[in-house]
Amino acid sequence: MTTHLTHWGAFEADSDGDRLTAVRPWRDDPEPMRLIENVASAQHHPTRIDQPYVRQGWLEHGPGAARRGNDPFVPVSWEQALDLLAGELGRVYREHGAESVYGGSYGWASAGRFHHAQSQMHRFLNCLGGYVHHVNSYSLGVSQVLLPHVIGELGWVMQAATSKSVLAEHAELVVAFGGLSPKNAAVSPGGVSRHNVRGWIGAARARGCRFVSVTPLRDDSPAEAQAEWLAPRPGSDSALMLALAQVLDAEGLADTGFLDKYTVGYDRFMDYVRGTTDGIVKSPEWAATITGLAAERIRTLAREMAAARTMVTVSWSLQRAQYGEQPLWLGVVLAAMLGQIGLPGGGFGHGYGSAASLGEPARLFSPPRLPQGLNGVDKFIPVARIADMLLNPGQPFEYNGQHLVYPDIKLVYWAGGNPFHHHQDLARLRAAFARPDTVVVHDPFWSATARHADIVLPSTMSIERDDFGAGENDRVFFAMKAITRPHGQARDDYAILGELADRLGIGKDFSEGRTVDEWLRHLYEEWRLHHSGHDLPDFDTFWASEHIELPVPDPDQVLGAEFRADPERHPLTTPSGKIEIFSETIDSFGYAECPGHPVWLEPEEWLGGSAAAEFPLQLVANQPRTKLHSQLDVGIHSQSAKVAGREPVRLHPEDAAARGLRDGDVVRIVSRRGSCLAGLIVDDGLRQGIAQLSTGAWYDPDPANPAFCRHGNPNVLTPDRPSSRLAQGCTGQLSLVDVERYEGAVPELAVNRPPATAL
């Protein structure tokens with residue numbers, strides 16, 4: 001038996017050396033995830049890449065984008081593949097410079113810290129002189145930019161978040177905008193040792209804490225919460241929050257003492273709420289016409305929040321939409337108006353229903369990781385602007401008060417991610433991927449990104465290599481020993497990049513002469529020496545064990561407690577050192593779509609707008625239950641949830657009946673951008689007018705129409721527009737669609753088998 005770590009949990013496995021013969025949840029996990037069933041069943045799936053491949057057109061005609069995504073692939077030896085790639089890297093760096101290379105890796109490839117694909121690839125490219133990089137993430141692109149202006153760095157908000165144990169003991173009311181989704185709260189970057197979302201919520205509820213879940217999906221909170229479900233129109237949360245603020249102000253329920261001492265800009269914000277600046281009082285009656293909620297329930301909710309120890313938490317999903325800055329900012333404002341920031345069980349939280357790490361008390365120090373070196377290129381893009389960058393070289397754009405220019409990218413190098421999962425308007429992304437001279441991908445599977453590459457190199461899964469890892473804010477640090485041999489000719493990213501580095505004359509800079517085993521030992525012992533004041537075992541003892549526990553200095557941490565106790569000695573990292581209800585900095589940027597205080601802005605695509613006449617359903621493209629993002633979609637657990645082989649879409653019974661649709665039908669979902677097939681589930685657990693289709697189905701474009709996905713990837717439907725010029729964040733959560741029965745023969749899927757090859 002060997003213990004291993006994934007982003008969704010630890011598991012124990014038996015192996016015959018080639019494959020996993022048994023997989024079980026880690027014995028110390030109180031709430032294990034069934035996602036582990038995907039690991040063993042996916043390892044030797046036909047979509048595993050068995051050897052290096054080169055796109056036929058690129059191999060025969062050299063760099064160039066013609067027929068990328070349509071050409072067959074030619075199997076080649078490792079020697080030939082690495083020679084070709086080394087030659088192309090040399091050409092691009094020599095002729096166009098490091099500013100023409102985009103190192104596009106994302107961070108979800110593996111829970112391991114040494115074989116973290118993004119770190120490996122960035123280290124390699126830095127040895128060559130650097131690369132154009134991205135900032136922020138698809139999940140939290142808005143939060144990473146907005147929160148430093150308003151309350152503090154996102155890392156602090158998340159790592160110092162009030163502990164779940166404190167909430168369980170002290171919270172009297174939890175108002176969860178976006179819900180407390182148990183599926184999202186069970187996943188964390190780098191891994192999860194002990195799941196506990198149902199445990200802390202159940203304990204709080206048993207003590208008498210009430211939960212209010214504000215979301216279009218009833219199951220966005222676990223049954224243990226016994227939550228009251230409020231379902232406003234998607235995209236209208238900021239109107240609801242403004243009305244709550246108006247009641248707190250009008251009825252004298254706002255904590256003016258807290259606001260005076262710990263915030264700036266409250267009066268300017270209240271001029272807007274009271275209607276002084278625009279003649280519109282943001283009352284519950286005003287909000288009722290926007291949200292669809294009863295005005296009296298909005299009013300009584302505000303009173304309940306003021307009368308109880310209240311945690312206001314905003315899920316990551318709310319900021320992943322057009323004008324996503326507004327509800328996030330308003331969550332901070334409401335918590336400030338209640339005056340409970342820094343008190344046990346009250347205040348503000350961002351993501352208690354979004355990641356397992358939220359509410360885990362911060363460990364004293366993080367585990368070791370591979371240093372990436374220094375990037376010699378200062379050009380970057382916000383991560384969700386990749387299609388804009390590739391399609392518009394040399395064009396200006398704005399970001400967080402900066403005036404920037406998109407670089408001219410000749411080579412894209414991707415390892416450890418799948419932009420055809422994360423990005424929006426996939427037909428547009430496909431056109432963008434047709435522009436660079438060369439696209440290189442490391443991947444264990446024939447993902448959509450690999451299918452749109454020129455040089456495809458098979459990388460190992462984490463179960464096929466030695467590593468160590470611990471999740472974000474997780475105290476358990478695992479030794480992750482290889483459980484099986486690699487599939488086919490798959491190699492570690494480190495081995496691939498090491499051989500490339502040798503060919504390019506930077507081998508010693510990249511590897512420093514160390515093998516994987518030597519790196520693991522070196523990183524661990526260097527880390528152990530750095531923390532010599534703590535009782536950490538030597539590497540051999542650690543490696544022979546299953547795991548060690550990292551120290552946690554304050555199990556009962558409360559976000560903002562030190563700031564509340566003494567704001568002069570412990571100021572926030574905002575420009576004023578206080579909570580900024582009005583931000584002079586943001587206001588100075590002059591962005592109409594994100595002014596100096598939070599406001600209600602009508603989205604372009606929502607059920608209250610004119611576009612709903614043509615597309616009368618609001619698509620909610622949330623995270624899936626049976627996989628992490630698109631990882632291991634071919635695994636047995638993920639496949640068990642498919643309907644007619646397609647990703648399931650949920651409709652309310654009245655919406656299904658109005659279209660003559662029944663449970664199990666194959667349906668076509670259509671938006672302004674494209675269409676996809678899905679399998680219908682009729683369910684009253686969502687608001688009427690909603691079509692809920694999770695992300696993660698592998699993109700399977702019709703060869704004649706890349707805007708039509710035969711498998712059910714919602715990102716052929718979603719718009720590729722930024723949240724605002726402030727954050728340039730992803731807006732993939734919401735868009736308008738319609739649903740109809742698919743007539744005719746259901747097309748065969750291509751994503752469950754390898755692409756065509758030419759020998």
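In this chain, residues are counted from 1 in sequence order.
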Establish, for the pair R48 and F445, whether the NZ or CZ atom is under 6.0 angstrom from the six-membered ring centre and no further than 45 degrees off its axis. yes
Going by atom types only, do [X] and [Y] share a side-chain donor-acceptor pair under 3.5 Å?
| X | Y | value |
| --- | --- | --- |
| W543 | Y524 | no |
| S638 | D633 | yes |
| S163 | Q557 | no |
| H149 | N400 | yes |
| Q43 | E464 | yes |

One pair to check against salt bridge (charged side-chain N to carboxylate O under 4.0 Å, His left out): E512 and K508. What are the steps and the verdict? CA-CA 5 Å; E512 298 183 17; K508 290 185 178 179; over 6 Å; no
F348 vs H350 aromatic rings, parallel, tilted or perpendicular, using cut-offs 30° and 60°? parallel
Applying side chain to side chain contact (heavy atoms under 4.5 Å, CB included) to S193 and not counting sequence neighbours gives W26, D474, V476, F478
Contacts of P419 meeting side chain to side chain contact (heavy atoms under 4.5 Å, CB included) (sequence neighbours excluded), chain-then-number -> W414, L429, F433, T449
Would you find a donor on one side and an acceptor on the other, under 3.5 Å apart, between the side chain of R198 and the backbone of E31? no
Between the side chains of R528 and D538, is the shortest nitrogen-to-carboxylate-oxygen separation below 4.0 Å, so that they form an ion pair? no
Using atom types as modelled, flag every donor-acceptor pair under 3.5 Å from a side chain in residues 129-136 to any protein atom, sequence neighbours excluded.
| unit_1 | atom_1 | unit_2 | atom_2 | d |
| --- | --- | --- | --- | --- |
| Y131 | OH | H122 | ND1 | 3.1 |
| H133 | ND1 | K379 | O | 3.3 |
| N136 | ND2 | Y399 | OH | 2.9 |

